[in-house]
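Just follow the structure's listing: the first ligand is 1, and inside any ligand the first atom is 1. Computed from a predicted model, the values in this text were never measured in an experiment.
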Amino acid sequence: MKIELQRALSDEDLLQYPCDCLVVGIAAEEGGASQTLLTSIDQASDGLLARLRSERELPRKAGQTLLLHAVAGVAARRLLLVGLQDVGTDDAIRFQKAARAAAAAIMGSRAVSIAWMVGNTSDRLMLSVLALQEADYRCDHYRKVEENPLERTACLFTATDDVSTQRRVAEAVAIAHGVALARDLGNAPANVCTPTYLGDAAKALAQHSACEVEVLGREEIGKLGMGAFLAVARGSAEPPQLIVVNYRGGQDGSAPIALVGKGVTFDSGGISIKPAEAMDEMKYDMGGAASVLGALHACVELKLPINVVGVIAACENMPGGNALKPGDVIRSLSGKTIEVLNTDAEGRLILCDALTYVQQRFSPALTIDLATLTGACVVALGNVHSGLYANDDTLATQLMAAGTKVGDRAWRMPLDDDYQEQLKSSIADVANLGGRTGGSITAACFLSRFVEGKWAHMDIAGTAWKGGANKGGTGRPVSLLAQFLVDAAAPV
Ligand code: BES
Ligand code: MN
Ligand code: ZN
């Protein structure tokens, strides 16, 4: 979808504005910008809106919409009314709900040219663009396509079209592109999206001059001493890839922000094999890697004046004659040994080496890792919040704030030392399993053993994709990450 920005027209001009769909919010406050437009529409249509109101047919709350055709006095072919009455000025989440409902109603119609009058604060512009692009997303690469999708254009009407408004829309568009990239990668089946495919997706970012991409294979990963990463990859015929994206938009010598992603392109569980039910969904186990690439994509598109390094550990977790076995003791890049009690707890094994690697090589200012790490996190937080762990309160607050702003929510989880007890091993420095309770927390505690300095970990097992009949990648938490990078580039 094409996104355009236009200064608001007078109500009269809007009534005359030729397009397929005029989208107007119905807010609570009397006399607001859309209120006078609604009054004009009502007058032009001989009291249609008043009639609908008295019949209680007008949408009121976030999520309610009403699509009208051929409204008298309105040049637009359709009028889409959007309930906003329960949406407070700073209520990003309810606004997101309203914007998503409006976007879905548009996609359910044949409307191609859209005039979007809903919300013109900087945050609402962002949420509008994200909702529109999210609804417009399709994944048709794996079907025989019968019909070409409609090429839509949404024109956002704002009170001002000054430089900062234009910039905000550019940010929104770039973030939406990053989200779509992550969704594409997530949706790609594991026979297409192999570790090598992720490496190629990263290399595509290197077309931009400030971006360097290196991809290391099995032998080089072994030579580096990444024994834990290599151990997981051993059961698969697909070669593992260590993907390093070095984006240098900032000053030379300024320490980068490091993003580290779990890129398990298929997680069968390995020798501790998973049950068959819904195992297909384990193609999404590279959601962390996808979100690193999505955030970097936005960063590159916006030419953010910061340094960011992305490191992705990509491999398959498969059973095989050569595979890692329960009880094996392996040596990580950090030198710490790990007793593998369950080969299905593989994400932490590849991540611990990636974390050590990024710290040794880049001494980052801070590190954020992203991983579809535990089913326990899905049990704890469902599909609403990503689990957020951090050893630094400021970093946690900044990430949560970025997420709230763009409607990509995270919930902070504890990292108390008491949980570390569960990772004791009778033979090695640490076990890769913490027992039945607190599974997302003990996984985070495992990772914490391999980091120094400011660090956050996001367990995105519940948010990176949605399951069921309409299963698919969500592109989360690309918008949270990208907004965090945008904020880091322009400290307030
Ligand atoms: N990729 C899974 C986590 C996962 C499970 C994500 C279900 C989404 C839905 C991860 O590698 C895994 O298998 N974790 C195990 C850890 C356990 C063996 C300690 C889990 O959560 O069951
Ligand atoms: Mn697993
Ligand atoms: Zn996994």
Heavy-atom protein contact below 4.0 Å for atom 13 (O) of ligand 1: yes
Can a non-hydrogen atom of Glu281 be found less than 4.0 Å from any atom of ligand 1? no
Looking only at N/O atoms, are Asp285 and ligand 1 under 3.5 Å apart anywhere? yes
Cut-off 3.5 Å, side chains only: do Ser440 and Tyr389 have a donor facing an acceptor? yes
Would you mind running through ligand 1 and noting each atom that sits below 4.0 Å from a heavy atom of Glu346? 11 (O)
Ala461 heavy atoms within 4.0 Å reach ligand 1 at atoms 6 (C), 8 (C)
If hydrogens are left out, which of Phe266, Phe446, Tyr284, Trp465 has an atom nearest to atom 8 (C) of ligand 1, that is, the closest non-hydrogen atom? Trp465
Across all chains, not counting sequence neighbours, the side chain to side chain donor-acceptor pair (under 3.5 Å) partners of Asn383 are none
Can you check side-chain hydrogen bond (donor to acceptor under 3.5 Å, both in side chains) on Ser268 and Asn317, steps first, answer last? CA-CA 6 Å; Ser268 71; Asn317 185 24; 5.3 Å; no
Distance to the ring centre below 6.0 angstrom and angle to the axis at most 45 degrees; does that hold for Arg183 and Tyr137? yes
Taking atom CG as the centre, does Asp416 end up with more than 12 heavy-atom neighbours from other residues, nucleotides or ligands that are less than 6.0 angstrom away? yes
Rounded to the nearest 0.5 Å, how far apart are SG of Cys445 and OH of Tyr419? 8.0 Å
Is it the case that over 12 heavy atoms from other parts of the model lie below 6.0 angstrom from the CD atom of Gln360? yes
For atom 2 (C) of ligand 1, closest protein heavy-atom neighbour: Asp267 OD2, 3.6 Å
Return the OG1 to CG distance between Thr404 and Leu480, rounded to the nearest 0.5 Å. 8.0 Å
Answer yes when Lys471 and Asp280 have at least one side-chain N-carboxylate O distance shorter than 4.0 Å, and no when they do not. yes
Measure the distance from atom 3 (C) of ligand 1 to every protein heavy atom, then report the residue, atom name and distance (to 0.1 Å) of the closest one. Leu373 O, 3.4 Å
Separation between CZ (Arg476) and NE2 (His385), nearest 0.5 Å, reads 8.0 Å
Under 2.8 Å from the Mn ion (ligand 2), the protein N, O or S atoms found are Asp267 OD2, Asp344 O, Asp344 OD1, Glu346 OE1
Rounded to the nearest 0.5 Å, how far does CG of Leu130 lie from CD of Glu171? 11.0 Å
Among all protein heavy atoms, pick the one closest to atom 9 (C) of ligand 1 and tell me residue, atom and distance. Met282 CE, 3.6 Å
Could you check if a side-chain atom of Lys274 sits within less than 4.5 angstrom of a side-chain atom of Asp344, using non-hydrogen atoms only? yes
Any ion pair linking Glu214 and Arg361 (charged N to carboxylate O, less than 4.0 Å)? yes
Pairs of nitrogen or oxygen atoms closer than 3.5 Å, one from Asp344 and one from ligand 1: do any exist? yes
Determine, considering heavy atoms only, which of Ala278, Ala371, Ser272, Gly375 sits nearest to atom 20 (C) of ligand 1. Gly375
Residues forming a salt bridge (Lys or Arg N to Asp or Glu O under 4.0 Å) with Arg100, sequence neighbours excluded: Glu134
Could you see which bit of Leu433 sits under 4.0 Å from ligand 1, with heavy atoms only: side chain, backbone, both or neither? side chain
Could you pull out the N/O/S protein atoms under 2.8 Å of the Zn ion (ligand 3), ignoring any water? Lys262 NZ, Asp267 OD2, Asp285 OD2, Glu346 OE2
Counting from 1, what ligand 1 atoms have a heavy atom of Lys262 closer than 4.0 Å? 1 (N), 10 (C), 11 (O)
What's the spacing between Glu220 CD and Leu242 CG if we round to 0.5 Å? 9.0 Å
For Arg348 and ligand 1, does the shortest N/O to N/O distance drop below 3.5 Å? no
A student checking ligand 1 against Thr372 at a 4.0 Å heavy-atom cut-off should list atoms 1 (N), 2 (C), 3 (C)
I need the Asp429 CG to Thr337 OG1 distance, nearest 0.5 Å. 3.5 Å
Please identify which of these residues, Leu333, Ile221, Thr356, Leu224, meets the side-chain contact (heavy atoms from CB on, under 4.5 Å) condition with Phe229. Ile221
